[in-house]
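Since the structure comes first, as structure tokens, the remarks are kept for the end.
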Amino acid sequence: MLALLSVSDKRGLVPFAQGLARLGFELLSTGGTLAALRAAGVPARKVSEHTQSPEILGGRVKTLHPRIHGGILGRPDLESDKAEMAAHGIPAISLVVVNLYPFRQTVASGAAEADVIEQIDIGGPAMVRASAKNFRHVTVVVDPEDYEGVLAELERSRATSEQTRRRLMRKAFAHTAAYDASISSWLSSQADEPFPEELSLPFQRVQHLRYGENPHQRGAFYREHAAPAEPTVAFSRVLQGKELSYNNILDLDAALGLVLEFPEQPCAVIIKHNTPCGVALDVSLTTAYRTARAIDEVSAFGGIVALNREVDRTCAEALAETFLEAVIAPSYSADALQVLSAKKNLRLLEAGPALASPQAQARAQLDARSVSGGLVLQDKDAVEPPLEWKVVSKRAPTADEERALRFAWKVCKHVKSNAIVFSNGSKLLAAGGGQTSRVDSVKIAATRGGEALKGSAVASDAFFPFRDGLDEAARAGATCVIQPGGSVRDSEVVAAADEHGMAMVVTGVRHFRH
């Protein structure tokens, strides 16, 4: 029995190869894999000895040979294949253990283009695909996590089952597809082509979810292969609590995206059903959280919290006062973890120190959403472009109003359109969104905010199509407004602001969030 081993990821390689040798497999290998096996005293032959053809072109051509691919693709139950293999002296290879050159890791290291290109594997994918195609006769292993199970099955039955080979076949084709997608993605990024003619997205599964958005829907969680430098939900460490749900993940991402808008000082964000119900800044993280929670304590119950500084004991005690689904923060002190450990079901996510950085921000990455039969792709609305900050009213905003307007504008882009946000300079006061009419969003926010809206700033994610929305905002107590502008009725809306003595700023930037 012949087994071919050629791996970049050498986790578990030696004990697996030792097990194969005990079972009577003759091992073929190449390069660093061969060196690792021989160093461990595992008998293995060099592939070039098997092919009787030297490695050429600096090792670029090693396994691209009929004695390799004929051995992998040959069908021993087909007489014509058996006859051809015998005539050409090609023995069957029944086990292929291959994982590919570290292309993604090389890209992530910041290597030069020439070095990255050299990490595009050619022979590896060819062997994996050939083995997977001939799964009825060949077992292909691309993941070290499968070594133990494959070896146990071989020890038990001297062969792998068809069920196992089919499973490994699916995994092998997914492995090469994701590898090729990574190469395509990198090449597009080098050419500044975020929207290539044919799109492949390389992701790996983190976990199966208990269900999707509702219990009758299946779900799974995927992430990119390489961890980005900025904080993300996908690469956060889960410290405790129940398994994350589909809705938890979406809400955590929304909370993280909003808290990243305010890196300069301690910030607390509370999200409910993908909508901000509490946002506050303060010199103390604990005070920021208590302030955010007090904005809408009913909605905060069962909410998702994002914090941008380490959680200490005092903050943990405040968090423990209310039932929460999940908290994401840069880190937690030992005392904080002790306090929160009493909340067994509370999910705690540690996003890492980048979240606590004064320069923290969300990456300008791509945002993908599925539609029936397709996908829409866009730049993520993550990095604020320079504002065309233009005062269009007779009165300019005061310094305090300007701070409040900037705060409201940052929060506004995280509320479903038609989005309306009332705030002061350090906290959300009320929000309305997801309505088919902008004036209805204003009315909803005004009802929620009540007397707290006196002297507030108001932000609108898109222009006011009529003056009615502005009239309602003024009636609620707002003294200044920020909006993109661009309506055919802008002059009427500006006139309304002047009538109410409001300062109005237009940005030239819209923040729809459907």
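Given the structure is predicted, the values throughout are model-derived calculations rather than measurements.
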For [X], check side-chain contact (heavy atoms from CB on, under 4.5 Å) against everything at least two apart and list the hits.
X    : result
Q265 : L281
A300 : I270, R293
S161 : E153, Q163, T164

Could you check, using the six-membered ring where one of them is a Trp, whether Y101 and Y179 have ring centers closer than 6.0 angstrom?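 No: the rings miss the under 6.0 Å criterion.
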Residue pairs involving residues 71-88 (criterion salt bridge (Lys or Arg N to Asp or Glu O under 4.0 Å); sequence neighbours excluded):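 Found R75-D81, E79-K82.
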Just by distance, no angles: are the side chains of H175 and N99 close enough, under 3.5 Å, to form a donor-acceptor pair?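 Their side chains do not contain a donor-acceptor pair, so the 3.5 Å distance test is not met.
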Would you tell me whether T139 and T160 have side-chain atoms, one donor and one acceptor, within less than 3.5 Å of each other?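 Their side chains do contain a donor-acceptor pair, which is all the 3.5 Å distance test asks for.
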Considering residues at least two apart in sequence or located in another chain, which fulfil the ring-ring contact (aromatic ring centres under 6.0 Å, His included) criterion with Y246?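 Testing Y246 for ring-ring contact (aromatic ring centres under 6.0 Å, His included), a comparison that skips the adjacent residues, returns none.
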Decide if atom NZ of K133 counts as having more than 12 heavy atoms of other residues, nucleotides or ligands within a radius under 6.0 Å.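 Counting other residues, nucleotides and ligands, NZ of K133 stays at 12 neighbours or fewer.
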Return the set of residues passing salt bridge (Lys or Arg N to Asp or Glu O under 4.0 Å) with D143 (not counting sequence neighbours), or none when no residue passes.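 With neighbours one apart ignored, the set is K171.
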Tell me, with the steps shown, if Q378 and R369 meet side-chain hydrogen bond (donor to acceptor under 3.5 Å, both in side chains). CA-CA 9 Å; Q378 65 172 353; R369 294 180 67 175; over 6 Å; no
Kindly assign one of parallel, tilted or perpendicular to the pair H511 and W409, based on the angle between their ring planes and the thresholds 30° and 60°.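 Tilted.
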